[in-house]
Amino acid sequence: VIPGQRTLITLVRACGTCFFCGHEQPALCETSFPRDATSPLTTLDGEPVLHGFHTAAFAERVVVHESQVVPIPDDLPFDCASLLSCGVLTGYGAVTKTSGVEAGASVVVIGAGGVGLNSIQAAALTGAAPVIAVALDPALPVPAHHRHDDRERRVEPHRIADLLRRQHEGEQRGRRP
């Protein structure tokens, strides 16, 4: 990264040398960083200003660990790039890294906001089937290409567990409910 280069900031901070970083799991980095205990930023009264999630996500200028800075192309609008720092990284990482979803696995994503939609997309990319999206806000539609069997079903929240149980039992018998 060079001064003036367009970048985005990620939540993942990694030392690159601990056990987890050495096994390509930087999100689990176990290293304590100097700025965990102190902040280089202070108020006019000298009180430390702490970074939320070590990113200062809503600030226009930040001081972060170098592992959190990712260069982006000049033609990528910042409003689109901002999705990469949070929703895409978290949703995709939850499916592919944390959960280790494989082709053919059944996936249920609860919540269809920024992280949820990216989890749905990541599950589809891995070849998971079915991918069931549970939109907690009934006013939000689930995109058609993510609907189970191209149908959107409205289910009361207290019936979600029953729907999933029937889905699993149907898969065990070789059919979908």
Side-chain angles (χ1 to χ4, degrees), residues 1-128 131-137 140 142-143 145-146:
V1 178
I2 58 174
Q5 186 174 16
R6 292 166 44 91
T7 60
L8 58 83
I9 307 300
T10 73
L11 297 171
V12 178
R13 191 172 52 158
C15 70
T17 59
C18 72
F19 173 83
F20 292 110
C21 287
H23 286 85
E24 297 185 22
Q25 295 179 305
L28 300 177
C29 180
E30 56 192 358
T31 300
S32 293
F33 292 83
R35 292 206 174 102
D36 289 345
T38 63
S39 173
L41 306 175
T42 60
T43 65
L44 293 175
D45 297 329
E47 295 295 318
V49 176
L50 302 176
H51 292 85
F53 296 109
H54 305 289
T55 62
F58 298 106
E60 292 182 14
R61 297 177 191 272
V62 297
V63 177
V64 296
H65 187 265
E66 63 185 321
S67 66
Q68 293 175 265
V69 181
V70 180
I72 60 171
D74 289 338
D75 60 347
L76 180 63
F78 279 123
D79 60 342
C80 295
S82 67
L83 298 173
L84 297 172
S85 290
C86 184
V88 175
L89 181 69
T90 305
Y92 184 84
V95 170
T96 62
K97 300 290 186 185
T98 306
S99 300
V101 172
E102 297 177 352
S106 297
V107 173
V108 176
V109 178
I110 299 175
V115 173
L117 286 176
N118 284 286
S119 297
I120 293 164
Q121 291 178 23
L125 286 171
T126 65
V131 177
I132 300 171
V134 179
L136 300 176
D137 183 347
L140 296 176
V142 177
H145 60 284
H146 294 308

Exercise: identify the closest heavy-atom pair between Val1 and Pro71 | CG2-CG, 3.9 Å
For Phe20 against Cys29, the heavy-atom pair lying closest together | CB-N, 4.3 Å
How many angstroms lie between OG1 in Thr7 and CD1 in Ile9, if you round to the nearest 0.5 Å?
-> 4.5 Å
Heavy-atom closest pair (Cys18 atom, Thr31 atom, distance to 0.1 Å) is CB-OG1, 3.9 Å
Closest non-hydrogen atoms of Thr17 and Cys21, given as atom of the first, atom of the second and distance, are N-CB, 3.8 Å
Contact summary for Leu89 and Leu11, nearest pair of heavy atoms = CD2-N, 4.4 Å
Looking only at atom types and distance, does a side-chain atom of Thr43 sit under 3.5 Å from a main-chain N or O of Asp45, one as donor and one as acceptor?
-> yes
So how far is it from Gln25 CD to Phe19 CZ, rounded to the nearest 0.5 Å?
-> 7.0 Å
Closest heavy-atom pair and its distance - His65, Ala14 | CE1-O, 3.5 Å
Once you round to the nearest 0.5 Å, how far does CG of Asp74 lie from CZ of Arg6?
-> 6.0 Å
Which distance, rounded to the nearest 0.5 Å, do you find between the CG of Leu76 and the OG of Ser82?
-> 9.0 Å
Got a second to check how far Asp75's CG is from Cys80's SG, nearest 0.5 Å?
-> 10.5 Å
Rounded distance [0.5 Å steps], CG in Asn118 versus CG in Leu83 = 7.5 Å
More than 12 heavy atoms from other groups under 6.0 Å of CD on Glu24 = no
Main-chain N/O of Ala94 paired with Ser99 side-chain donor or acceptor, under 3.5 Å | yes
Whether over 12 other heavy atoms sit under 6.0 Å from Gln5 CD = yes
